[in-house]
S.K.: 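Got a structure for you, written out below as structure tokens; questions coming shortly.
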Protein chains: 2
Amino acid sequence: MTGRGDSTEVTRQVPCESCPLRQMPAFREFEKPELAFVSSFKRGELAVDKGATLLSEGSNSAHLFTVLSGWGFRYKLLEDGRRQILNYVLPGDMIGLQGSLMGEMQHSVEALSPMLLCMFERDRLMALYRDYPGLAYDITWIAAREERMLDEALLSIGRRSALERAAYLLAFIASRARKVGMNGKGKVDIPITQQHVADTLGLSLVHTNKTIRKLIDRKLVQWRDGGCTVLDIDGLMALADWGGLAEQVRPLL
Amino acid sequence: MTGRGDSTEVTRQVPCESCPLRQMPAFREFEKPELAFVSSFKRGELAVDKGATLLSEGSNSAHLFTVLSGWGFRYKLLEDGRRQILNYVLPGDMIGLQGSLMGEMQHSVEALSPMLLCMFERDRLMALYRDYPGLAYDITWIAAREERMLDEALLSIGRRSALERAAYLLAFIASRARKVGMNGKGKVDIPITQQHVADTLGLSLVHTNKTIRKLIDRKLVQWRDGGCTVLDIDGLMALADWGGLAEQVRPLL
DNA sequence: CGTTAGATTGAGCTCGCTCAACCAGTGTGG
DNA sequence: CCACACTGGTTGAGCGAGCTCAATCTAACG
């Protein structure tokens with residue numbers, strides 16, 4: 001809630017039962033009581049602008065969020081300002097779990113676009129674990145999913161070439177976006193700058209630009225309006241030697 | 001249980017109540033009933049040799065492990081054989097959680113030394129969630145801890161120089177080892193080869209060797225008997241600009 | 001029309017890579 | 001006891017992917 005962008009806390013309470021995300025096939029069907037609890041667990045909604053810092057390293061947020069719409073990213077900084085983007089957050093993703101469980105946040109989260117978020121009370125997490133073991137299991141599942149994504153990212157940064165890394169990253173983000181319906185006729189628009197890509201891949205901005213240019217020349221992606229349009233996910237996947245998301249239906253809190 | 005090394009399954013059943021690890025100050029005190037459940041959750045012990053593959057990518061292990069003694073590492077491979085080590089596992093760490101929750105393993109785990117492991121039945125995880133919310137919470141906590149370690153690793157590989165990376169890695173491993181009592185008079189011995197370090201840092205073997213040499217020249221570490229001895233953790237931390245483990249007491253299943 | 005954010009391009013450098021030996025310790029079979 | 005092989009560490013030489021520095025360009029915006 002610090003940071004450049006504005007943020008507005010609303011109590012609009014779109015009930016979870018009619019959450020548009022929940023209808024998507026990517027998400028597991030919830031039982032009635034579970035759904036009711038989640039709905040009661042929800043404390044309100046938060047709308048933030050692009051550029052807003054949702055959570056920041058070192059802070060002790062009392063909240064846990066689920067993204068309803070918009071894009072964001074998690075990152076860490078070194079003392080001297082070097083930035084590493086750890087992962088991106090999309091609709092349906094949970095934010096702040098690490099902080100809720102372990103106290104202090106060890107990374108920050110920033111909005112890449114205007115975002116709408118569900119807010120949950122950290123304090124009620126215990127009640128969830130006590131009364132809804134199925135949901136508790138789901139939360140662990142969500143943590144394990146994040147771990148998997150990080151494993152892949154590590155493999156990519158550690159062992160792939162710049163071109164492979166870029167291809168992997170864009171294919172990965174586009175695949176996730178597609179799963180939550182953010183694709184217009186095969187194409188996926190990702191609101192990131194080349195600086196974001198550089199800070200995700202561990203490359204310099206200049207080299208990232210030259211690398212992305214190769215992807216553009218191969219007609220795998222486009223770059224325009226300060227964002228990326230993925231044209232050929234399969235082409236990117238082949239280039240990166242990546243098998244794609246192994247993802248089943250997942251829970252949505 | 002595939003792989004080069006031998007493995008022996010034992011039913012020796014050292015009861016959890018008298019587990020030597022559990023006495024360490026690094027681990028949380030458990031309630032009597034929790035402890036009893038964990039003990040009943042335990043199905044046996046597994047002893048493996050150095051080099052044994054405990055779990056492998058693509059498999060569907062029915063087990064979940066906690067390390068009682070010894071060292072191991074998690075890794076992923078690219079089709080062409082490039083290997084990325086994701087993290088190391090030490091006594092008290094849990095192995096196979098991702099696989100237990102999500103089905104198929106997406107990484108492998110290999111022993112760096114002879115290891116002794118507690119074996120748990122994957123099927124009983126649900127019962128744990130149902131009957132012991134505190135333990136369920138602990139498991140999520142453990143997953144979040146792994147996530148934190150990966151965040152740090154990503155920052156390191158992505159944004160630190162080779163020398164900083166090496167310093168970070170060895171300081172990190174030595175710190176964790178120290179927490180579980182694996183330190184003789186200030187020094188910590190880590191049973192890894194330079195090839196392991198290279199595959200963790202995303203560097204070539206040759207460059208890793210030259211980088212480690214600098215650490216040796218600065219008297220921060222020693223290298224001998226096919227292993228590493230960390231002499232000066234604080235020196236390594238300073239070199240890497242790393243603040244150290246932010247770790248509280250943690251649960252031990 | 002000046003300013004700013006983001007993309008682009010060229011030039012030169014350097015960190016980390018590959019290739020190729022070589023060395024030391026250890027274990028094995030004859 | 002020696003010859004041989006094997007693992008893991010060490011070192012030098014030359015190369016190249018990715019870096020920094022420094023401009024330039026474009027579009028959006030006030």
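Just so you know, these numbers use all the heavy atoms, side chains as well, and skip hydrogens, waters and symmetry mates. Reminder, nothing fancy here: chain letters follow the sequence lines and each chain counts from 1. The shown structure was predicted, so the numbers you read here are calculated from the model rather than taken from an experiment.
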S.K.: Assess, by modelled atom type and distance only, whether the side chains of A:D151 and B:Q84 contain a donor and an acceptor separated by less than 3.5 Å.
M.R.: no

S.K.: Would you check if there is a donor-acceptor pair between the side chains of B:Q106 and B:Q98 at a distance under 3.5 Å?
M.R.: no

S.K.: Give every pair of a protein N or O atom and an N or O atom of nucleotides 17-19 of chain C that lie under 3.5 Å apart, one pair per line with the distance.
M.R.:
unit_1, atom_1, unit_2, atom_2, d
C:dC17, OP1, B:S204, N, 3.0
C:dC17, OP2, B:S204, N, 3.0
C:dC17, OP2, B:S204, OG, 2.9

S.K.: Side chain to side chain donor-acceptor pair (under 3.5 Å) with B:E146: which residues, sequence neighbours excluded?
M.R.: B:R74, B:N87

S.K.: Could you state the CG-P distance from B:L163 to C:dT14, rounded to the nearest angstrom?
M.R.: 18 Å

S.K.: Do the side-chain N and O atoms of B:E104 and B:N60 include a donor-acceptor pair separated by under 3.5 angstrom?
M.R.: no

S.K.: Do B:D241 and B:R160 sit within salt-bridge range, that is, some charged N less than 4.0 Å from a carboxylate O?
M.R.: no

S.K.: With the threshold set at under 4.0 Å for non-hydrogen atoms, list the residues of residues 188-197 of chain A touching DNA chain C in residue-number order.
M.R.: A:T193, A:Q194

S.K.: Which residue pairs pass the side-chain hydrogen bond (donor to acceptor under 3.5 Å, both in side chains) test when at least one of the two sits in residues 178-191 of chain B, sequence neighbours left out?
M.R.: B:D189-B:T229

S.K.: Would you please name every residue forming a salt bridge (charged side-chain N to carboxylate O under 4.0 Å, His left out) with B:D199, sequence neighbours left out?
M.R.: A:R159, B:R83

S.K.: Please examine the side chains of B:L55 and B:S108, heavy atoms only from C-beta on, and report whether any two atoms are closer than 4.5 Å.
M.R.: no

S.K.: Measuring only between side-chain heavy atoms, which start at C-beta, is B:I85 closer than 4.5 Å to B:H107?
M.R.: no

S.K.: Compute the bend angle of the helix from C:dC1-D:dG30 to C:dG30-D:dC1 from the end axes (five pairs per end), rounded to 10°.
M.R.: 30°

S.K.: Atom CH2 of A:W223 to atom P of C:dA5: distance rounded to whole Å?
M.R.: 19 Å

S.K.: Suppose we screen for side chain to side chain donor-acceptor pair (under 3.5 Å). Which residues come up paired with B:Y88, at least two apart in sequence or across chains?
M.R.: B:T200

S.K.: Can you list everything that forms a side chain to side chain donor-acceptor pair (under 3.5 Å) with B:D80? Sequence neighbours excluded, please.
M.R.: B:R82

S.K.: Considering only heavy atoms, which members of residues 71-89 of chain A lie under 4.0 Å from some atom of DNA chain D?
M.R.: none

S.K.: Given side chains that start at C-beta, do those of B:I95 and B:L64 come closer than 4.5 Å, heavy atoms only?
M.R.: no

S.K.: Verify side-chain contact (heavy atoms from CB on, under 4.5 Å) between B:K219 and B:D232, making sure each step is shown before the conclusion.
M.R.: CA-CA 8 Å; B:K219 303 203 192 324; B:D232 179 1; over 6 Å; no

S.K.: What pairs meet the ring-ring contact (aromatic ring centres under 6.0 Å, His included) rule with one or both residues in residues 162-198 of chain A, with sequence neighbours excluded?
M.R.: A:F73-A:H196, A:Y168-A:F172, A:Y168-A:W242

S.K.: Could you encode protein contacts along nucleotides 25-30 of chain D as a string, one character per nucleotide from 5' to 3', using B for base contact, S for sugar-phosphate-only contact and - for no contact, with a heavy-atom cut-off of under 4.0 Å?
M.R.: ------

S.K.: Would you tell me if any nitrogen or oxygen in the side chain of A:R213 comes within less than 4.0 Å of OP1 or OP2 on C:dT9?
M.R.: yes

S.K.: Roughly how many Å is it from CD1 in A:I216 to C1' in C:dT8, rounded to a whole number?
M.R.: 10 Å

S.K.: Look at the side-chain N and O atoms of B:N209 and state whether any lies under 4.0 Å from the OP1 or OP2 oxygen of D:dG9.
M.R.: no

S.K.: Starting at CG of A:L215 and ending at C1' of C:dT8, how long is that distance when rounded to a whole Å?
M.R.: 16 Å

S.K.: Side chain to side chain donor-acceptor pair (under 3.5 Å) with A:R165: which residues, sequence neighbours excluded?
M.R.: none

